[in-house]
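Notes follow the structure.
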Amino acid sequence: MSTGMPRTVCWAESAAGPVVRLIDQTLLPGELVLKDCCELEEVCEAIRVLRVRGAPAIGCAAALGVALAVHRSAAQTTADLLAVVEDASQELATTRPTAVNLFWALERMQQVAEGSGTLSPDEFCVALLREAQHIVADDVARCHRIGHYGAELIPDNADILTHCNAGALATAGYGTALGVIRAAHEQGKQIHVWVDETRPLLQGARLTAWELQREGIPYTLICDSAAASLMQRGRVDCVVIGADRIAGNGDVANKIGTYSVAVAAARHQVPFYVAAPFSTVDFDLACGDEIPIEERYPEEVAYVANRLTEPICPAPVNIYNPAFDVTPAELITGIITEAGVAYQPLASSLSELDSETSSSSSGSSS
Ligand code: MRU
């Protein structure tokens with residue numbers, strides 16, 4: 001996490017009792033405001049409207065949301081608390097469909113709940129909170145390891161292009177793609193980042209630029225449509241992006257526009273790296289066609305940055321607003337994980353790395 005930056009999402013004790021505290025990312029870069037969610041519904045709303053966003057951060061918020069539901073519940077028995085966990089998980093699972101970290105975190109909370117059925121209600125609450133906090137702390141640790149492996153791939157004096165925000169704001173801290181960039185910068189490499197603005201919600205312009213500015217990492221903001229031309233002119237040495245869900249064959253769902261970047265990178269022989277923890281890999285899906293792609297509100301396209309001032313198009317207008325796209329595995333040079341870098345063929349390389357981490361980690365599942 002960058003110096004002086006509050007945690008993206010965490011558990012806190014407020015005057016009103018326990019809360020899930022998060023940076024309200026809809027207000028950045030103008031204002032840095034912390035929002036306290038006192039009830040599960042507020043956590044769900046925060047995920048739906050992208051106050052908290054980015055695959056790993058959504059997973060952390062969901063885990064903390066389950067803990068909050070349990071702590072705020074009036075249930076008197078452990079059996080009733082188990083039902084609270086189930087209901088909370090069902091509610092949270094409806095918030096956003098694409099980032100698998102959400103479902104991964106809910107599954108972990110469910111498993112701990114089921115294994116805690118013989119505990120007293122108080123002990124049950126403690127166990128659930130401990131697991132949620134473990135998921136959060138573990139995410140930061142995974143990002144640091146991703147940064148460590150990824151920085152080795154970044155040459156000195158590199159111009160790196162990134163899309164969307166896969167930084168501290170998209171994780172519990174440090175970031176995945178921005179974790180790689182941070183680590184390279186911390187190693188003293190002279191790097192410069194091309195930041196795609198990332199229409200329609202401008203996560204690149206609003207959030208990635210904000211993070212890089214705070215870190216003092218040199219960057220230049222570009223329109224998404226400028227990326228291919230920069231590559232054509234030899235001004236991009238590599239692309240590093242995050243992911244919302246990676247299928248078993250290595251196909252990657254990430255923010256809309258990522259696929260165009262990958263196609264341009266392949267055309268110009270620019271290495272294209274994806275940085276993501278194993279909590280983003282969905283081995284249950286054979287390929288990217290099976291990844292559910294979220295479609296969001298037309299207003300996000302009709303208004304710049306969703307600010308309800310003047311629409312940028314005539315009304316009425318037909319708008320299609322998919323939030324993510326899928327980049328086929330064949331366009332990806334490597335996937336940087338917390339266990340090392342998976343290279344082609346990605347399917348076997350990912351499973352090998354996954355089995356290495358699963359066998360070497362005791363107690364924490366990938
Ligand atoms: O819609 P968002 O802002 O949640 O989308 C986020 C992204 O697409 C990120 O690139 C991805 O989650 C990786 S975050 C480490």
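First listed ligand is number 1; within each ligand, the first listed atom is number 1.
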What atoms of ligand 1 come closer than 4.0 angstrom to any heavy atom of [X]?
X      : value
Gln203 : 1 (O), 2 (P), 3 (O)
Ala55  : 12 (O), 14 (S)
Asp244 : 6 (C), 7 (C), 8 (O), 9 (C), 11 (C), 12 (O)

Item checked: Options Ala177, Ala170, Gly175, ranked by nearest heavy atom to atom 14 (S) of ligand 1, top entry -> Ala170
Note to self: In this structure, does ligand 1 have an atom that sits under 4.0 Å from one of the heavy atoms of Ala243?
What the structure shows: yes
Next item on the list: Please verify whether a non-hydrogen atom of Arg96 lies at under 4.0 Å from ligand 1.
Entry: yes
Next item on the list: Classify the contact between Asn165 and ligand 1 as side chain, backbone, both or neither, using a heavy-atom distance cut-off of under 4.0 Å.
Entry: backbone
Margin query: Please work out, at 4.0 Å between heavy atoms, whether the side chain, the backbone, both, or neither of Pro56 comes within that distance of ligand 1.
Written below: side chain
Notebook entry, point to check: Got an N/O contact under 3.5 Å between Leu50 and ligand 1?
Noted result: no
Notebook entry, point to check: Going by distance only, is there an N or O of Lys255 that falls short of 3.5 Å from an N or O of ligand 1?
Noted result: yes
Notebook entry, point to check: Think Arg206 forms a cation-pi with Trp210, using NZ or CZ under 6.0 Å from the six-ring centre and within 45 degrees of its axis?
Noted result: no
Note to self: Any donor-acceptor pair under 3.5 Å linking the side-chain atoms of Gln90 with those of Glu86?
What the structure shows: no
Pairing of [X] and [Y] as salt bridge, 4.0 angstrom limit:
X      : Y      : answer
Arg296 : Glu294 : yes
Arg51  : Asp24  : yes
Arg142 : Glu338 : yes
Asp159 : Arg235 : no

How far is [atom] from the closest protein heavy atom, and which atom is that?
atom                    : value
atom 15 (C) of ligand 1 : Thr176 OG1, 3.1 Å
atom 6 (C) of ligand 1  : Arg53 NH2, 3.5 Å
atom 10 (O) of ligand 1 : Asn254 OD1, 2.7 Å

Margin query: If I take atom CD1 from residue Ile58 and atom OG1 from residue Thr171, how far apart are they, to the nearest 0.5 angstrom?
Written below: 12.0 Å
Item checked: Centroid-centroid distance, His163 to Trp194, less than 6.0 Å -> no
Next item on the list: Using the salt bridge (Lys or Arg N to Asp or Glu O under 4.0 Å) rule, pick out the option among Asp325, Asp284, Asp282 that qualifies with Arg245.
Entry: Asp282
